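Structure, as structure tokens:
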Amino acid sequence: MTLPSGKPSGSIFDLYFKFVENTESPLIFHRWSLLTCVGAMLARNTWLELGHQRVFPNQYVMLIGASGTRKSSAIKLSQKVLAASGYKN
């Protein structure tokens, strides 16, 4: 898999949407798949200090659609990008 090369000219969303523009999955599935990957990369390395407690960002995402709307395709593509970034679970 080849990601866009050269100096990034936009946000991670702009780059990712350009990367997936010729796929069959709806953009909304790609958007939430990417947000889930960003959350995975943040893990417990990012938090908000509230008094004496740390609050870690958390999310639960469900892609809902009829059979054959390419939900799994969007998820699998975002997982490949996440793996290519060096993310290890």
Side-chain angles (χ1 to χ4, degrees):
M1 174 175 36
T2 305
L3 296 176
S5 60
K7 185 176 180 181
S9 60
S11 73
I12 187 172
F13 294 98
D14 294 336
L15 293 171
Y16 188 75
F17 295 152
K18 179 72 174 161
F19 179 64
V20 299
E21 70 183 351
N22 293 320
T23 63
E24 295 179 357
S25 301
L27 186 61
I28 190 76
F29 292 161
H30 286 297
R31 178 180 298 128
W32 283 102
S33 295
L34 177 61
L35 283 169
T36 303
C37 289
V38 169
M41 292 189 79
L42 289 175
R44 294 184 61 88
N45 299 315
T46 305
W47 62 84
L48 299 171
E49 296 282 348
L50 289 177
H52 297 288
Q53 297 180 350
R54 289 182 178 175
V55 177
F56 296 92
N58 196 3
Q59 60 185 348
Y60 295 92
V61 176
M62 295 175 64
L63 300 183
I64 300 172
S67 296
T69 55
R70 300 296 195 205
K71 297 176 295 291
S72 295
S73 297
I75 293 167
K76 289 176 185 173
L77 188 55
S78 67
Q79 287 175 329
K80 287 180 182 178
V81 170
L82 187 62
S85 74
Y87 174 80
K88 299 215 181 344
N89 187 1

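What you see is a predicted model, and the numbers here were worked out from it, not measured in a lab. Residue numbers run from 1 in the order of the sequence given.
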Where [X] and [Y] come nearest, the two heavy atoms and their spacing:
X	Y	answer
Leu82	Ser85	O-OG, 2.5 Å
Gly39	Gln59	CA-NE2, 3.6 Å
Leu77	His30	CD2-CE1, 4.1 Å
Phe19	Val81	CE2-CG2, 3.7 Å

Output the distance between atom [atom1] ([X]) and atom [atom2] ([Y]), rounded to the nearest 0.5 Å.
X	Y	atom1	atom2	result
Trp32	Leu63	CH2	CG	9.5 Å
Met41	Thr36	CE	OG1	13.5 Å
Leu27	Tyr16	CG	OH	10.0 Å
Leu15	Leu34	CG	CG	10.0 Å
Gln79	Ser72	CD	OG	9.0 Å
Phe29	Arg31	CZ	CZ	11.5 Å

Side-chain touch Leu42/Phe56, heavy atoms, less than 4.5 angstrom: no
Side chain proximity check, Thr23 to Arg70, heavy atoms < 4.5 angstrom: no
Whether over 12 other heavy atoms sit under 6.0 Å from Ile12 CD1: no
Over 12 non-hydrogen atoms of neighbours within 6.0 angstrom of CD in Glu49: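 Enclosed: over 12 neighbouring heavy atoms sit under 6.0 Å from CD of Glu49.
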Ser73 and its side chain to side chain contact (heavy atoms under 4.5 Å, CB included) partner, picked from Ser78, Ser33, Ser25: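 Option passing the side chain to side chain contact (heavy atoms under 4.5 Å, CB included) with Ser73: Ser25.
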Same apolar cluster (I L V M F W Y, side chains within < 4.5 Å links), Ile28/Val61: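 Yes: a chain of side-chain contacts under 4.5 Å links Ile28 to Val61.
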Tyr87 with Val38, same ILVMFWY side-chain cluster at under 4.5 Å: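 No: no chain of side-chain contacts under 4.5 Å links Tyr87 to Val38.
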